[in-house]
Amino acid sequence: MVTRRQKKTLTRILLTAVLLAALWFVPAEGWLKLCLYLVPYLLIGYDILRKAALGIVHGQVFDENFLMAIATVGAFVLAWIDGSGDYLEAVAVMLFYQIGEWFQSYAVGKSRRSITQLMDIRPDYANIETDGRLERVDPDEVAVGTVITVQPGEKVPIDGVVVEGASSLNTAALTGESVPREVAVGDTVISGCVNMTGLLKLETTRAFGESTVSKILDLVENASSRKSRSEDFISRFARVYTPAVCAAALALAVAPPLALTLLGRSARWPVWLYRALAFLVTSCPCALVISIPLSFFAGLGGASREGVLVKGSNFLEALSQVRQVVFDKTGTLTMGVFQVSGVHHSDLPQEKLMEYVALAESASSHPISKSIQRAYGLEPDRTRVTDVRELSGNGVIATVDGRQIAAGNEALMEKLGVPASPCHSVGTIIHVAVDGAYAGHIVVSDVVRPQARDALRQLKAAGVARTVMLTGDNDPAAQAVAADLGVDQVYSRLLPQDKVERVEALLSDQPKGQRLAFVGDGVNDAPVLSRADVGIAMGAMGSDAAIEAADVVLMDDDLMKLPKAIRLAKRCMAIVWQNIVFAIGVKVLCLLLVAVGAANMWLAIFADVGVMVLAVLNAMRCLKTPE
Ligand code: ADP
Ligand code: MG
């Protein structure tokens, strides 16, 4: 796809080329020739000249427009003064420059589109059924709890729960996952998926602005505004560079002929002036200025196509330097879907214990709580529960039917001064105290994510030196998971603030230039997510806190995407450096050749556009994920 502006520039390029070819055969001399050549020159260069003039007016003198303007105007003046009438060069320089610009805007547009393919997930309307008729409304106006209808082929506009119908959903735009997801009554559906087969009625659970789709779009839109250090380097570089080359060009125009004159030799002022102008044309740092941000942009696009949202180029850069990866256990390395595998040492009837715990946990959003609710099987009667307190990393305390129920780990029992009886099953143990007396425990066990082991191995292959697991769970459960997965180090029984301290300790031992990534599910580890060099969140599908605190989001909780993202980031950085070295190298070479008179303006602009085209093509490789 080509935009209207690009079409216009293309027409100007072609017209100029045709005009130049025609002028070749026109035997004009003097003023007439100058005027004839000014026509294609102004046609192809008027916008550059205008921008250069505006730049001067606004005090931002030294940019590439200025370089092109002064060099080409200078070339005209020179050809007039020395009587050669060779205006072709000035026009051609402008022409090549515009060809380069056109190519660049085409390439940028292309990579931007591949990011904004994601923008396709933006829903335009929601259907509300009234009196048997569907009405299209602005999704922003739909109140939470409204029932909306999503027909086959339509996008889900707002997060909700299926209340009627069954269908398969295409989540590819969100997660990069091509296998459709089946949903039926009771399932949660996130916005941005496409409904493929059946008619669905959803009861919305969030407002549009709070829905997954809006959050993701916000992230994507803001991603390219966070600059990496390489990009910062380039813009700082450009700020010093342009004035420096202008000064060098001035010196080149004045110093050698002046010296020659003083030495009493013939100075040939126009020759040195020409070299200075050619030097200016050559110095244009387009290839760098364009290809570096483009590489990052393409890298972000490539990652998002894989279902990995990277919130800025700085994080892509950081990802490429990750040597330590710290994982949270529950919900990250494990599924966070617990099965109740036993109720032990209970003085109360087992059902009664389950009921108390389920009620006490009814307000918690911890995965353990959700699993207990499932095992309990009934809708908890919340009127029986008061004074709920959740102790992050420990458990909950609540009053149920007037009795104080505490449910949580050993540490919670210690805090309450209740002696907990040990349990020999491996798993997460939820000890329960009723009115300050020990009342037994429930054993729940989690399963590790199927891809976790492979992902850890691939991380090592991708250059990660150390993997660490942090958990608030008891030591046997932690050791079991760690041994199963092959994690290098384990720390158990940690409260959320202990996790921050652990990560800080790891960070302070870290050699310069290396980075630490923390991968968590956002359930009480948001502080660690923001403390790590790169916070990576699982469960973009669920936890809002995670999306907000993280720098990178694995959209579909697939741990395999992590080594993939690191490989992609590394390759992107390699490409960035290739371009920097290549562009600066060729530039320095051309500048030297021009300064000694071994290359003319033609060659200079040709080299410049050529390098830029190659650098841009190289940058576009960042879009593809390495295998
Ligand atoms: P992890 O560090 O593995 O992600 P958490 O920090 O979320 O685990 O929780 C640590 C431990 O605290 C859990 O293993 C559990 O024993 C206890 N715990 C936390 N929240 C709850 C809860 N809502 N109900 C019962 N136990 C809980
Ligand atoms: Mg957790």
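Order of appearance sets the numbers: ligands from 1, and atoms from 1 within every ligand.
Annotation for ligand 1: atoms under 4.0 Å from non-hydrogen atoms of Lys329 are 3 (O). Interface of Thr428 with ligand 1, defined as ligand atoms under 4.0 Å from a residue heavy atom, comprises 14 (O), 16 (O). When each atom of ligand 1 is checked for a heavy atom of Glu390 under 4.0 Å away, the hits are 23 (N). Those atoms of ligand 1 with a heavy atom of Ser364 less than 4.0 angstrom away are 23 (N). Which parts of ligand 1 touch Glu361 is read off a 4.0 Å heavy-atom cut-off, strictly below it: atoms 22 (C), 23 (N), 24 (N), 25 (C). Listed by atom number, the atoms of ligand 1 under 4.0 Å from Asp473 heavy atoms are 10 (C), 14 (O).
Of all the heavy atoms of Thr471, the ones lying under 4.0 Å from any atom of ligand 1 are found in both the backbone and the side chain. Both the backbone and the side chain of Thr330 come within 4.0 Å of ligand 1, counting heavy atoms alone. At a 4.0 Å heavy-atom cut-off, ligand 1 touches Asn394 through the backbone alone.
A donor-acceptor pair under 3.5 Å is formed between the side chain of Asn474 and the backbone N or O of Gly427. In this structure a side-chain-to-backbone donor-acceptor pair under 3.5 Å is missing from Thr399 to Gln404.
In terms of polar-atom proximity, Asp328 is counted as a contact of ligand 1, with an N or O under 3.5 Å from an N or O of the ligand. Of the polar atoms of Gly472, at least one N or O is found under 3.5 Å from an N or O of ligand 1, judged by distance alone. Considering backbone and side-chain atoms alike, Lys499 places an N or O below 3.5 Å from some N or O of ligand 1.
Both tests pass for Lys352 against the ring of Tyr356: distance under 6.0 Å to the centre and angle within 45° of the axis.
Residues Asn127 and Thr149 have side chains that never bring a donor and an acceptor to within less than 3.5 angstrom of each other. Using a 3.5 Å distance cut-off with no hydrogens or angles, the side chains of Asp159 and Thr205 do not pair a donor with an acceptor.
For atom 5 (P) of ligand 1, the candidate residues are Glu410, Met469, His366; the nearest heavy-atom contact is made by His366. Around atom 26 (N) of ligand 1, the closest heavy atom drawn from Gly408, Ala406, Ser371, Gly393 belongs to Gly408.
A pairwise comparison of heavy atoms in Pro450 and Met335 identifies CD-SD, 4.0 Å as the closest pair.
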Could you list the donor-acceptor pairs under 3.5 angstrom formed between side-chain atoms of residues 414-421 and any protein atom two or more places apart in sequence or on another chain?
{"unit_1": "Lys415", "atom_1": "NZ", "unit_2": "Asn394", "atom_2": "OD1", "d": "2.8"}

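Annotation: side chain of Val552 is in contact with side chain of Val308 (closest heavy-atom distance under 4.5 Å).
In this structure, the ring pair (Phe, Tyr, Trp, His ring centres under 6.0 Å) partners of Tyr438, at least two apart in sequence or on a different chain, are His431.
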